[in-house]
Amino acid sequence: MRVLLLYPLFPKSFWSFDKALELIGRKVSLPPLGMITVAAILPQTWEFRLVDRNVRFETEADWEWADLVIISGMIVQKPDMVHLIREAKRRGKLVAAGGPYVTSVPDAAQEAGVDFLVLDEGEITLPLLVEALSRGETSGVLRANGEKPDVTTTPVPRFDLLDLNAYNEMSVQFSRGCPFQCEFCDIIVLYGRKPRTKTPAQMIAELQALYDLGWRRSVFMVDDNFIGNKRNVKLMLRELVPWMVAHDYPFRFATEASVDLAQDEELLDLMVEANFGGVFLGIETPDTESLALTQKFQNTRNSLIESVQKINQAGLSVMAGFILGFDDEKPGAGDRIIEFVEATAIPKAMFGMLQALPNTALWKRLQKEGRLLEENQETQGHQMALMNFVPTRPVEELAREYVNCFWELYEPERYLARVHRHFMNMKPAPHKVPFRMLDLVEMKAVLTICWRQGIKRSTRFQFWGQLFSIIRRNPKMFVPYLSNCALLEHFIQYRQSVREEVEAQLAEYLANKPKPQSLAVLSS
Ligand code: SF4
């Protein structure tokens, strides 16, 4: 069986870092880990060809070669996913679709003509697909019926199918699921509240596979909450540390975690020892009432500012996500987020207006209250989209606060000052990370940053002053500091796109103000 794995296009987003990636000759931040895991679960006697459309487009020869086309993706990839299903069917191919979006909302894939819906987690449903095909079946809906797979049996992803040069980071996954119950979160709907972790040996085998392929850069642990099972994560880190030492620290890790990480010093130390350099925290809002209302109680137990500072000082760079538009939010939430980001000196702060994702507790509540908006469901999951429900505050006020947050925080001088404060506060890792010479492309990127930020723009005095201060007072932070400066190239463009796109949507919204409806049609 010849399987063409197609990974649909992503729209531009906060995390796409296009302008910064361009500088270092990479095409995309992260690879399609789900797709290469699918390839590892299916029979290894089958042949696989992976096309990540964010890297390159498929050719007619790819289509002709394939006996089976598999397509997977997230909610934001829906338009391209639908396009690909139609293209495959137009060529008479057998098509299977799966992944988080299709699992939540299978309708669009069905309407596009997909043959097999392979829903829920692939460890359970992909073997069902293999069985169905061996029986000669040509269509079907394969479900796990509430069963969650034991991820200790998940094979090492087929990293060999990737064009490694196209990606800035590699990704691996240690756990699925999260013990918390944030009202807006679809992770707990898809993967459950009992975190399931791989074994330390499994993680080392995955990292060894990357090492053997020659990978020597960053690795993102894509868990939605890396510390969902603290006991198991510590066991894994205790085995990872000696492996990293024995291999001369080939990777630098980053991940996502809940903010209670700050209260576990042992875990923080282990992460730093294992060469973790960054962590994404879902702060959501500094407003305690909103956190309680959205059931993010773990963020209300300790001072959020102190928690972020503690994690940063321990040696992890903090990225954070914020949301505007919780019910009963008081005006000025955007300004309160700006104050929080400045107080904690978080360089990369990402914002979104609250979106109700299908089947979440928030979705169900809003549906009951008749507040979901049919006309805004198409843009679900897009970071620049207006809300897909009727908020308790005026939409225009929220949209303006949202644009203002981006505009203010990514004002070049302000951003660079935050990056400087952040990396000055950060304790360097105790171990000696091997020195690596920059290659020609990286050298050119550094010169471009120096030219743009240190000569051409009004940041010139600040840029050199801060650079020398890092070199003098916290030299081990030089590389991450400069990498974050490079991201300014992306943020300058992104804040402009946010302003234009949100203002355009707002104008349209004000022209045809939608009416709330009770939407039986959205009850899937
Ligand atoms: S902590 Fe993060 S992953 Fe866990 S439920 Fe909340 S939003 Fe979801």
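For the numbers below, each heavy atom of this structure counts, side chains included, while hydrogens, waters and symmetry mates do not. Please read all numbers here as calculations on a predicted model, not as lab measurements. Numbering of ligands and ligand atoms starts at 1, following listing order.
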Undergrad: May I ask you to check whether over 12 heavy atoms, not counting those of E265, lie within 6.0 Å of atom CD?
TA: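 For E265, atom CD is not crowded (no more than 12 foreign heavy atoms under 6.0 Å).
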Undergrad: Which residue owns the protein heavy atom closest to atom 6 (Fe) of ligand 1, what's the atom, and how far is it?
TA: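 That would be C182 SG, 2.3 Å.
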Undergrad: Would you say atom 8 (Fe) of ligand 1 has C185 as a near neighbour, meaning an N/O/S atom of that residue under 2.8 Å away?
TA: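 Given the 2.8 Å cut-off, C185 counts as a ligand of atom 8 (Fe) of ligand 1.
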Undergrad: If the cut-off is 4.0 Å to any non-hydrogen atom of C178, which atoms of ligand 1 fall inside it?
TA: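 Answer for ligand 1: 1 (S), 3 (S), 4 (Fe), 5 (S).
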Undergrad: Could you tell me whether K19 atom NZ has more than 12 heavy atoms of other residues or ligands within 6.0 Å of it?
TA: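 No - once you tally the heavy atoms of other residues, nucleotides and ligands closer than 6.0 Å, there are 12 at most.
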Undergrad: Compute whether any side-chain donor of one residue and acceptor of the other, for D224 and Y191, lie under 3.5 angstrom apart.
TA: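 Distance-only check fails for D224 and Y191.
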Undergrad: Mind checking whether S258 contacts ligand 1 via backbone (N, CA, C, O), side chain (CB onward), both or neither, at a 4.0 Å heavy-atom cut-off?
TA: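 For S258, no heavy atom sits under 4.0 Å from ligand 1.
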Undergrad: Give a yes/no on ligand 1: does K296 have at least one heavy atom closer than 4.0 angstrom to it?
TA: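 Yes, K296 has heavy atoms under 4.0 Å from ligand 1.
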Undergrad: If you measure from each heavy atom of Q298 to ligand 1, is any distance below 4.0 Å?
TA: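 It does; at least one heavy atom falls under 4.0 Å.
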Undergrad: Would you say T125 and D120 are linked by a side-chain donor-acceptor pair, where the criterion is simply a distance under 3.5 Å?
TA: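 There is no such pair between these side chains.
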Undergrad: Going by the ring pair (Phe, Tyr, Trp, His ring centres under 6.0 Å) test, name the single residue among W15, F220, F226 that passes it with F280.
TA: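 Of the listed options, the one satisfying the test is W15.
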